[in-house]
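As the structure is a prediction and not an experimental result, all values here were calculated from the model. Numbers restart at 1 for each chain; the letters A, B, ... are given by sequence-line order, proteins then strands. The figures that follow rest on heavy atoms only: side chains count, while hydrogens, waters and symmetry mates do not.
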2 protein chains.
Amino acid sequence: MSLRHAVLAALLEGEASGYELAKRFDLSVANFWSATPQQLYRDLERLEADGLVSARVVEQQRRPNKRVFTLTAAGRDELHTFTQEPARPVAMRDDLLVKLQALDVGDPEAVIKSFGARLERSREKLARYDRLREVLLAGRTEDEYLAAGDRVGPYLTLLGGRMYEQQNIRYATAVLNILLPPR
Amino acid sequence: MSLRHAVLAALLEGEASGYELAKRFDLSVANFWSATPQQLYRDLERLEADGLVSARVVEQQRRPNKRVFTLTAAGRDELHTFTQEPARPVAMRDDLLVKLQALDVGDPEAVIKSFGARLERSREKLARYDRLREVLLAGRTEDEYLAAGDRVGPYLTLLGGRMYEQQNIRYATAVLNILLPPR
DNA sequence: AACTCCATGTAACATGTTACATGATTCG
DNA sequence: CGAATCATGTAACATGTTACATGGAGTT
């Protein structure tokens, strides 16, 4: 029940079309939520029907027109209320860990390969998050940034993304160390 | 497309009824996959129809009869093939990080409270995983256990669960440290 | 007497994924 | 000239969640 809220939170960063939102979800928000463009289009329609976002058409030359969505006051209220609800526990769902669990009847080399790929992806993601962090900080130290008081949330979710990927790197490394030199 | 495989992997630990599987999912498997009992019943039907598990009715006195499911040879093959497929990237979906992202329009105290609750849950889960680890090791060191060669997969997924919760604890602590003494 | 545990299921609904369709523009 | 990007959508399908139903046994 809460892609809605992820969309609203993403729109806090400024108005966007469905297409632009999809990219935003791929960059900053990917860290804690994911969605396909189709989901976004469907949910934006609903959010508009519920008055939580408003849409206006922006005409463009040499480009198809686009519908740009903005948070309404009701949308902000909804977000505020949402933050007061208890968070639901996260449910893990990782393909690769299922494969790992089935290692004894599986193909160890293939699983090792997948972990190698995971490791590399995590390194790339971490590098991307680090770059995003530089942009956010804009030359200031973390303390200076936080002292400004604004946008603490986005900084902390980014921190979450970085720590999460660091953890993935640690774990993949540990698994490979155990599986790779099998003697 | 892969609760199926999580179920098959869970059945590697031995035959089980739908009800028992649900509990198994809550304990050992919860770490990397989750499912409601209803999903399990539905999927077990399908797995049986596809010949990947076989069912037999166990009559019980003073208890309702139960249908106990076992992996078939075809089920094991399916698992083997599954481990060879490339793993799909994990998609994060965390309610609480959405709330954190929306902190500036949200209710900081409520969010802080939620993080406190998360922290506590992670500590409990970690303790549970640690107990499971003791049971698995059965007095041996990690090296001795791994040298035995069997059941390496389950050990590594458990390691994953432990590291994951350790990470959650670190992150929640970091967030609280930044949000709590706001000056 | 009320509650929890065992045990299985149906039905309705919400969410997420995949495939397909369209059509112009810029870039190499 | 072909590929990628901009931009939006429909339809079908797969998965996951919630609510409800049933009924006996053991526990407090």
Side-chain angles (χ1 to χ4, degrees), chain A residues 1-8 15-27 29-30 32-50 53 55-69 85-95 98, chain B residues 1-8 15-27 29-30 32-50 53 55-69 85-95 98:
Chain A
M1 258 219 196
S2 146
L3 170 58
R4 299 171 66 79
H5 297 110
V7 168
L8 294 176
E15 57 174 18
S17 68
Y19 190 84
E20 288 158 354
L21 253 193
K23 281 193 299 184
R24 197 174 289 176
F25 262 71
D26 235 43
L27 289 173
V29 187
F32 56 91
W33 209 272
S34 66
T36 60
Q38 285 65 22
Q39 268 181 285
L40 294 176
Y41 284 119
R42 195 163 59 179
D43 268 46
L44 283 169
E45 291 303 324
R46 291 183 197 164
L47 286 169
E48 198 199 356
D50 295 347
V53 306
R56 71 195 162 83
V57 174
V58 173
E59 312 225 358
Q60 301 183 114
Q61 303 97 320
R62 2 192 126 241
R63 288 260 159 254
N65 294 345
K66 57 181 178 181
R67 302 181 68 213
V68 173
F69 297 88
E85 287 162 18
R88 54 188 52 191
V90 271
M92 291 259 74
R93 237 149 228 181
D94 190 347
D95 225 359
V98 176
Chain B
M1 259 220 195
S2 146
L3 169 59
R4 300 170 66 77
H5 296 112
V7 168
L8 295 176
E15 58 172 18
S17 69
Y19 190 83
E20 288 158 354
L21 253 192
K23 281 193 299 183
R24 198 174 287 176
F25 262 69
D26 234 42
L27 288 172
V29 188
F32 56 90
W33 209 272
S34 66
T36 59
Q38 286 65 24
Q39 267 182 284
L40 294 177
Y41 284 121
R42 194 163 63 183
D43 268 45
L44 282 169
E45 291 303 324
R46 290 185 198 163
L47 287 170
E48 197 198 356
D50 295 347
V53 305
R56 73 196 160 81
V57 175
V58 173
E59 311 225 0
Q60 302 183 114
Q61 301 99 320
R62 0 191 127 242
R63 288 262 159 254
N65 294 345
K66 57 182 177 182
R67 299 182 70 213
V68 173
F69 297 89
E85 287 162 18
R88 54 189 51 190
V90 271
M92 290 258 74
R93 237 148 228 182
D94 191 346
D95 225 359
V98 175

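- The shortest distance between side-chain heavy atoms of Thr36(B) and Gln38(B) falls below 4.5 Å.
- The residues Lys66(A) and Glu59(A) are annotated as not salt-bridged, no charged nitrogen and carboxylate oxygen being separated by less than 4.0 angstrom.
- Atom CZ of Phe25(A) is separated from atom P of dG16(C) by 10 Å (rounded to the nearest Å).
- Protein atom CZ of Arg46(A) is 6 Å distant from nucleotide atom P of dT15(C), rounded to whole Å.
- Close to dC5(C), at under 4.0 Å from its OP1 or OP2, lies no side-chain N or O of Lys23(B).
- Straight-line distance from the CG atom of Asp26(B) to the P atom of dC5(C): 12 Å, rounded to whole Å.
- A donor-acceptor contact under 3.5 Å is not formed by the side chain of Arg93(A) with the base of dG16(D).
- Between Arg4(B) and Asp50(B) there is a side-chain heavy-atom pair separated by less than 4.5 Å.
- Checked against dT8(D), dT8(C), dT18(D), the side chain of Lys66(A) finds its nearest nucleotide in dT8(D).
- At the phosphate of dG9(D), neither OP1 nor OP2 sits under 4.0 Å from any side-chain N or O atom of Tyr41(A).
- Across all strands shown, Arg42(B) has heavy atoms under 4.0 Å from base atoms, whether or not it also approaches the sugar-phosphate.
- For the pair Gln39(B) CD and dA11(C) P, the computed distance is 18 Å after rounding to whole Å.
- When the P atom of dA7(D) is taken as reference, atom CZ of Arg56(A) falls 13 Å away, rounded to whole Å.
- The interatomic distance linking Leu40(B) (CG) with dT8(C) (P) rounds to 11 Å, in whole Å.
- Rounded to whole angstrom, the span from the CD atom of Glu48(B) across to the C1' atom of dT8(C) amounts to 14 Å.
- Here the side chains of Val58(B) and Arg56(B) are in contact, with some heavy-atom distance below 4.5 Å.
- When each of Gly18(B) and Ala91(B) is assigned the nucleotide of DNA chain C with its nearest heavy atom, Gly18(B) is the one assigned upstream, toward the 5' end.
- Side-chain contact between Trp33(B) and Asp94(A) is absent, with no heavy atoms from C-beta onward closer than 4.5 Å.
- Arg67(B) has no carboxylate O lying under 4.0 Å from a charged side-chain N of Glu15(B), or vice versa, which leaves the two without a salt bridge.
- Taking atom CE of residue Met92(A) and atom P of nucleotide dG16(D), one finds them 14 Å apart after rounding to whole Å.
- DNA chain D forms stems at C:1-28 with D:1-28, each a run of 3 or more consecutive Watson-Crick or G-U wobble pairs whose two key distances fall under 3.5 Å.
- In the interface, the side chain of Gln38(B) is paired with the base of dG9(C) through a donor and an acceptor atom under 3.5 Å apart.
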Practice item. Mind running side-chain contact (heavy atoms from CB on, under 4.5 Å) on Phe69(B) and Leu21(B) for me, showing each step along the way? Key: CA-CA 9 Å; Phe69(B) 297 89; Leu21(B) 253 192; 6.0 Å; no

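- Side-chain atoms of Leu3(A) lie closest to dG16(C) of the nucleotides dG16(C), dT8(C), dT8(D).
- Contact annotation: Thr36(B) side-chain N/O to dT18(D) OP1/OP2 distance is not under 4.0 Å.
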